[in-house]
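Encoded as structure tokens, the structure appears first; notes follow it.
Counting convention: from 1, in listed order, for ligands and their atoms alike.
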Amino acid sequence: MTNIILFGPPGSGKGTQAKKLAEKYHFLHISTGDLFRAEIGNKTELGQKAMSYISKGLLVPDEITIGMLRKKVEENHDVEGVIFDGFPRNVLQAEALDELLAERDQRISALIALEVEDEEIINRILERAKTSGRTDDADEEIIRNRIKVYNEETAPVFNYYREDGRSHTVYGVGSIEEIFDRLRKLIDSL
Ligand code: AMP
């Protein structure tokens with residue numbers, strides 16, 4: 001069982017690459033952002049709560065996010081591997097994920113961070129906003145807030161898994177195929 005965290009700031013290409021990797025390796029792709037957007041689309045109570053944070057570029061509270069993630073993992077116990085995309089986003093979530101996996105005698109195999117400069121990220125997200133319909137993509141102030149939250153709350157997760165050598169970086173600028181190739185090579189070498 002392989003459990004990979006695809007890590008990086010908003011707009012670093014995690015979603016695109018996670019989908020491609022899941023397809024190639026026949027792994028389950030779990031994106032907490034996608035799960036929230038599905039809840040919002042279905043107008044659930046959880047979706048409404050999440051929306052009030054997402055629209056401001058803030059993290060949805062841990063108890064909501066971890067509960068949703070746990071449910072998704074429990075529904076899919078019979079998989080060869082998982083690509084976690086957008087989770088964990090802080091150290092408490094990383095600890096909860098480790099616990100959840102340990103209950104199943106599993107662990108995170110690797111965290112792979114896509115490295116992209118801030119200005120490139122902002123341009124990419126504003127470009128994505130033209131087709132994504134995501135309100136959190138359309139406003140530069142909200143995007144900057146998401147980057148700030150990433151630097152302050154999410155980036156420490158890289159160090160959390162680095163302590164025992166499980167964190168890796170991949171340069172996230174180039175064509176989708178070039179970046180996919182870099183990721184594939186790294187995963188094959190694990
Ligand atoms: P994403 O699609 O990964 O960019 O996520 C979109 C938004 O959903 C984020 O800006 C957060 O508001 C929220 N979100 C997604 N994943 C998490 C998480 N693990 N913890 C808290 N909030 C999250």
Side-chain angles (χ1 to χ4, degrees), residues 3-22 28-74 76 82-101 108 111-116 118 120-161 172 179:
N3 290 291
I4 292 175
I5 299 171
L6 196 57
F7 196 71
S12 58
K14 292 190 299 294
T16 305
Q17 297 294 342
K19 268 192 212 96
K20 285 176 69 71
L21 290 170
L28 173 70
H29 171 209
I30 302 184
S31 155
T32 40
D34 284 352
L35 292 175
F36 283 132
R37 284 183 286 277
E39 296 281 344
I40 292 165
N42 292 331
K43 297 195 174 15
T44 65
E45 200 183 320
L46 191 155
Q48 268 158 11
K49 259 192 214 152
M51 187 60 188
S52 63
Y53 297 92
I54 294 173
S55 62
K56 297 187 190 86
L58 298 172
L59 294 187
V60 178
D62 289 329
E63 67 271 21
I64 299 177
T65 308
I66 293 167
M68 182 180 73
L69 188 275
R70 174 177 277 275
K71 183 162 164 270
K72 183 76 183 173
V73 169
E74 282 169 356
N76 293 279
V82 180
I83 308 272
F84 293 94
D85 158 15
F87 187 97
R89 258 180 159 95
N90 60 31
V91 169
L92 198 137
Q93 290 184 7
E95 287 167 353
L97 179 59
D98 283 354
E99 226 171 85
L100 178 62
L101 294 177
I108 289 299
L111 174 151
I112 307 175
L114 287 170
E115 283 187 321
V116 184
D118 283 2
E120 164 82 13
I121 281 169
I122 292 167
N123 290 335
R124 280 191 195 180
I125 297 179
L126 288 171
E127 194 55 37
R128 179 171 74 185
K130 292 178 187 165
T131 53
S132 72
R134 285 177 55 172
T135 48
D136 61 336
D137 279 352
D139 181 318
E140 190 166 332
E141 207 172 308
I142 296 172
I143 299 170
R144 287 198 185 273
N145 206 28
R146 287 164 63 197
I147 294 173
K148 184 166 170 270
V149 168
Y150 174 80
N151 288 329
E152 289 173 2
E153 298 183 49
T154 307
V157 174
F158 184 88
N159 297 337
Y160 176 87
Y161 288 106
I179 299 161

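For ligand 1, the polar-atom distance check against Leu58 finds a nitrogen or oxygen pair separated by under 3.5 Å. Considering both main-chain and side-chain atoms, Leu59 never comes within under 3.5 Å of ligand 1 through any nitrogen or oxygen pair. Annotation: Arg37 places an N or O atom under 3.5 Å from an N or O atom of ligand 1; distance criterion only. Residue contacts with ligand 1: Asp34 is placed with no nitrogen or oxygen under 3.5 Å of a nitrogen or oxygen of the ligand (distance criterion only). An N or O contact shorter than 3.5 Å links Arg134 to ligand 1 by distance. In terms of N/O distances under 3.5 Å, ligand 1 is approached by Thr32.
Among all non-hydrogen protein atoms, the one lying nearest atom 10 (O) of ligand 1 is Arg146 NE, 3.9 Å. Taking atom 22 (N) of ligand 1 as the reference point, the nearest protein heavy-atom neighbour is Val60 N, 3.0 Å.
Under the 3.5 Å distance criterion, the side-chain polar atoms of Asn42 are matched with a main-chain donor or acceptor of Ala38. Here the side chain of Thr65 pairs a donor or acceptor atom with the backbone of Val60 at under 3.5 angstrom.
Contact of the Leu100 side chain with the Leu69 side chain is registered, since non-hydrogen atoms from C-beta on lie closer than 4.5 Å.
Closest to atom 8 (O) of ligand 1 by heavy atom, among Leu92, Ile54, Ile125, Val157, is Ile54. Of the listed options Lys14, Lys56, Arg89, Arg89 places a heavy atom closest to atom 9 (C) of ligand 1.
Side-chain contact check for Asp118 and Tyr150: no donor-acceptor pair (N or O, by modelled atom type) lies under 3.5 Å.
Of all atoms in ligand 1, numbered sequentially from 1 with element shown, those under 4.0 Å from a heavy atom of Thr65 are 18 (C), 19 (N), 20 (N), 21 (C).
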